[in-house]
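Single-structure report; data block below.
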Amino acid sequence: MSTKRPTNQRASSSSTTASPSPGPTSKRQRLSAPHNALHGHKVYIITAKLESSTISELHELVERSGAAHARSPEDADVIVTAIGMRKRFERHVDWKVAKSKAVVRPAWLEDSVAQGKALPCEDYAALRDLKETTCANCPSGRCTCGPTDSDSDTSPLNTPTKAKKPRSFDHSQRESAVARTSARTEIPGYLLPPETPYAVEMEKLRFNTRFSCQRATPLRCINQDLCDTLEIIRRSRLLVGEDRSALSYGRAIAVIKSFPKRITGETRDEAKELPNIGVKLSKMINLWLDTGQIPEIEKIRHSERFQALSSFAEIYGIGPTTARHLYAVGVRTMTELEAYYEADTAPESLVHLQEDSQDAVDPSAEPDPGVSMTEADHMGSNPQETWIKIALSWRHDLAKKIARNEVESIRDVICAELEKMQPGCVSTIVGGYRRGKTECGDVDIVFTHPDGGRVPGLCRRFVRDLHNKGLVTHVIHSMGFHSHDPLRTHHWDSLEKALTVFVPPGQTTRRRVDLIFAAPEVYWTAVVGWTGSMMFERDLRSVAKLQGMKFDSSGISRRRDSKLFHPRSEKEIFDMFGLAWIPPELRNADA
DNA sequence: GGGCAT
DNA sequence: CGTA
DNA sequence: GCCC
């Protein structure tokens with residue numbers, strides 16, 4: 001996997017080749033004392049297209065210039081960017097906002113600091129279409145540029161609004177996970193995937209960092225056999241209810257997966273120094289190296305209880321607790337499990353909990369508002385029991401993996417249907433598919449619409465439509481968009497989701513398909529939040545928390561004042577938390 | 001000895 | 001509690 | 001079970 005892009009732009013020192021950058025701006029005064037060239041101004045740096053070393057240099061320059069860092073483009077007087085294309089630029093800054101700022105190339109900052117004063121912007125405008133407004137807002141206050149030399153289309157700054165291709169599906173071979181359902185309607189740049197992949201700075205992704213969101217973790221690693229072994233212990237810990245222990249095994253697995261060397265007698269010491277590998281795990285690694293196995297694993301493997309709990313928990317809707325209850329009342333095999341739910345003698349033991357979860361199983365509500373779960377109408381008192389009976393009937397289908405091309409064709413079917421109901425939606429296939437798995441357990445798709453007003457309620461309407469057409473047979477809805485509810489203090493669940501059972505047209509195999517509808521301002525958080533892996537998400541949230549922030553798939557907020565943040569690209573989320581970019585295929589921190 | 005995602 |  |  002060649003993750004290192006043959007990067008060609010070093011935007012900083014000599015931005016682009018063909019610009020009239022006045023005066024050679026050499027390797028100047030790294031050591032010069034601070035001055036006040038830009039005192040009183042606020043500068044915002046768009047990090048896209050910049051090397052991280054350049055980014056830090058530019059930050060230094062801002063400080064040295066006496067300017068302040070703006071926290072957002074809106075907040076700034078000056079926006080520094082290496083982006084020259086309007087469409088790409090708009091992914092970071094609203095066009096209207098941009099017109100009220102000076103939008104310049106990095107060279108302007110360098111040269112202004114070098115010369116100790118704010119230089120005229122005219123030769124530094126980052127985008128041709130913004131040259132005029134940039135001059136009007138130039139900190140130097142003495143830009144002389146007249147009305148844009150409107151016809152000299154040879155300008156290197158020119159940003160053709162119409163890019164090369166009539167961008168309909170030119171992205172497909174790069175990341176077919178990302179698709180738009182509409183080619184006709186105009187989609188704002190910030191909802192589109194990057195036209196070139198972000199650079200992956202491998203040197204920053206050190207394997208011995210604490211959190212998996214700071215490391216590159218491939219789908220399968222060089223020590224996969226060890227990871228698979230430890231995964232058995234982890235599963236076992238989860239099933240018996242030792243969640244914290246399970247968490248530790250999960251973290252250990254994650255860090256081993258990112259360790260790029262085969263663990264041998266040579267490298268074992270290094271491996272034992274890894275974060276999340278402590279005394280116990282070190283001993284296990286020793287055993288594994290010396291004897292080729294770990295006794296505890298063999299014990300677990302052969303345990304009747306583990307096998308029973310494992311198989312029960314494979315049923316959708318049965319988790320560790322229910323599995324343990326079943327075992328406790330004497331159920332041992334799948335066959336017995338079916339018999340147990342067949343016989344209408346369900347004991348109270350399983351009934352009691354789980355009454356008013358916020359998620360509504362949407363079956364019986366045949367009268368309009370919900371999708372019908374046909375088999376489940378006329379049901380007995382216990383919805384949980386009913387639910388599991390149905391899930392039992394799915395188990396063979398849902399155990400089947402879904403090939404990538406089938407994931408894509410399911411996406412195509414769904415997008416085609418959605419386009420009929422609501423043209424112009426944008427979508428990304430997320431989940432394991434996006435992380436590069438060749439076989440997927442389910443299909444997860446995040447949707448939005450450039451007109452945010454089109455999104456509330458769309459999930460329900462659309463799923464009902466799919467149900468009427470026979471494509472969706474069952475659904476669990478989670479509420480979303482209760483934003484209109486004035487009683488709600490956080491009216492910020494700008495996300496609707498439906499967990500469905502889907503049968504592709506002309507087929508009979510049921511598939512689990514999750515549809516997520518996000519307001520446009522939380523589209524990228526939803527995409528990051530639903531791409532996974534699970535450990536990657538946990539660590540991302542831990543990192544956010546350490547920084548006083550809160551991350552979840554429906555938004556990012558500052559804990560102290562609940563201020564919301566709306567990143568305009570996936571990478572902006574990484575930037576926001578000071579994390580190096582990690583592409584989806586290297587977020588596979590689960591075994 | 002508390003925290004471990006939301 | 002189960003699920004993502 | 002590991003980290004701070």
Side-chain angles (χ1 to χ4, degrees), chain A residues 209-213 230 233-234 236-239 241-255 272-284 296 312-326 349-361 382-385 387-388 391 398 430-432 441-446 475-478 480 490 492-493 495-501 512-516 525-546 549-557 559 589-590:
Chain A
T209 46
R210 180 172 168 204
F211 296 106
S212 59
C213 56
L230 294 174
I233 310 190
R234 193 189 73 89
S236 162
R237 294 290 193 269
L238 271 186
L239 289 169
E242 296 173 12
D243 294 23
R244 300 313 171 185
S245 177
L247 178 56
S248 286
Y249 282 95
R251 293 191 181 294
I253 290 166
V255 77
K272 288 194 241 168
E273 294 302 314
L274 293 173
N276 306 310
I277 304 292
V279 174
K280 178 102 177 244
L281 268 292
S282 293
K283 287 189 173 144
M284 280 188 179
E296 183 163 3
F312 301 164
E314 282 170 17
I315 305 304
Y316 190 81
I318 297 184
T321 305
T322 307
R324 288 196 297 272
H325 281 305
L326 290 164
S349 57
L350 289 175
V351 180
H352 53 212
L353 290 170
Q354 166 138 26
E355 271 312 310
D356 58 5
S357 117
Q358 281 193 306
D359 297 347
V361 176
N382 181 3
Q384 173 68 3
E385 190 195 335
W387 189 234
I388 290 181
L398 298 196
V430 289
D442 66 0
V443 181
D444 309 292
I445 311 177
V446 176
V475 68
I476 304 175
H477 267 118
S478 253
H490 310 137
W492 92 313
D493 216 358
L495 199 101
E496 300 175 334
K497 63 180 186 232
L499 316 182
T500 76
V501 176
R512 280 275 298 103
V513 174
D514 296 338
L515 306 177
I516 300 97
T525 33
V527 167
V528 169
W530 280 78
T531 295
S533 61
M534 194 161 76
M535 187 58 71
F536 188 94
E537 300 295 336
R538 294 174 91 148
D539 282 347
L540 191 56
R541 289 154 200 237
S542 293
V543 165
K545 177 174 270 203
L546 285 173
M549 303 291 288
K550 180 173 152 108
F551 178 102
D552 73 57
S553 55
S554 63
I556 296 176
S557 61
R559 302 182 103 98
D590 294 340

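Keep in mind that the numbers below use all heavy atoms, side chains included, and drop hydrogens, waters and symmetry copies. Since this is a predicted model, take the numbers as computed values, not measurements. Residue numbering restarts at 1 for every chain, and letters A, B, ... go by the order of the sequence lines.
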Sugar-phosphate only, base, or nothing, as touched by A:Leu281 at under 4.0 Å among non-hydrogen atoms: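 Here A:Leu281 touches the backbone only, sparing every base.
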
Touch class at under 4.0 angstrom, heavy-atom based, for A:Ile516 against every strand present: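 Touches nothing.
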
Can you check whether [Y]'s main-chain N or O pairs, donor with acceptor, with [X]'s side chain at less than 3.5 Å?
{"X": "A:Arg512", "Y": "A:Val443", "result": "no"}
{"X": "A:Arg324", "Y": "A:Leu239", "result": "yes"}
{"X": "A:Asp444", "Y": "A:Thr531", "result": "no"}

Where do [X] and [Y] come nearest, in terms of heavy atoms and distance?
{"X": "A:Ala252", "Y": "A:Asn276", "result": "CB-O, 3.8 Å"}
{"X": "A:Asp514", "Y": "A:Thr500", "result": "OD1-N, 4.2 Å"}
{"X": "A:Ser282", "Y": "A:Gly278", "result": "OG-O, 2.7 Å"}
{"X": "A:Phe536", "Y": "A:Ser212", "result": "CA-OG, 3.4 Å"}
{"X": "A:Val543", "Y": "A:Cys213", "result": "CG2-SG, 3.7 Å"}
{"X": "A:Ala391", "Y": "A:Tyr316", "result": "CB-O, 3.1 Å"}

Within this structure, what is the [atom1]-to-[atom2] distance between [X] and [N], rounded to whole angstrom?
{"X": "A:Asp444", "N": "C:dA4", "atom1": "CG", "atom2": "P", "answer": "8 Å"}
{"X": "A:Asp243", "N": "B:dA5", "atom1": "CG", "atom2": "C1'", "answer": "13 Å"}
{"X": "A:Tyr316", "N": "C:dG2", "atom1": "OH", "atom2": "C1'", "answer": "8 Å"}
{"X": "A:Ile315", "N": "C:dG2", "atom1": "CD1", "atom2": "P", "answer": "13 Å"}
{"X": "A:Arg251", "N": "B:dA5", "atom1": "CZ", "atom2": "C1'", "answer": "9 Å"}
{"X": "A:Arg538", "N": "B:dA5", "atom1": "CZ", "atom2": "P", "answer": "4 Å"}
{"X": "A:Met535", "N": "D:dC3", "atom1": "CE", "atom2": "C1'", "answer": "14 Å"}
{"X": "A:Arg234", "N": "D:dG1", "atom1": "CZ", "atom2": "P", "answer": "15 Å"}

Output the single nucleotide from [options] whose closest atom is nearest the side chain of [X].
{"X": "A:Arg541", "options": "D:dG1, B:dA5, D:dC4", "value": "B:dA5"}
{"X": "A:Arg244", "options": "B:dC4, C:dG2, C:dT3", "value": "B:dC4"}
{"X": "A:Arg210", "options": "D:dG1, D:dC3, B:dA5", "value": "D:dC3"}
{"X": "A:Pro320", "options": "C:dG2, B:dT6, D:dG1", "value": "C:dG2"}

Atom C1', compared across B:dA5 and C:dT3: separation rounded to whole Å: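 14 Å, rounded to whole Å.
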
Whole-Å P distance, B:dT6 and D:dC2: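 After rounding to an integer number of Å, I get 23 Å for this pair.
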
Looking at [N], I'd like to know if its phosphate oxygens (OP1 or OP2) sit under 4.0 Å from a side-chain N or O belonging to [X].
{"X": "A:Arg559", "N": "B:dT6", "value": "yes"}
{"X": "A:Arg512", "N": "C:dT3", "value": "no"}
{"X": "A:Thr322", "N": "C:dG2", "value": "yes"}
{"X": "A:Lys545", "N": "B:dG3", "value": "no"}

Step-by-step side-chain contact (heavy atoms from CB on, under 4.5 Å) determination, A:Phe211 to A:Arg541: CA-CA 10 Å; A:Phe211 296 106; A:Arg541 289 154 200 237; over 6 Å; no

5'-to-3' dot-bracket of DNA chain C (Watson-Crick, G-U; under 3.5 angstrom; crossing pairs as [ ]; | other strand): ...|

Intra- and inter-strand pairs of DNA chain D in dot-bracket (Watson-Crick or G-U wobble, both distances under 3.5 Å; | for another strand): ||||

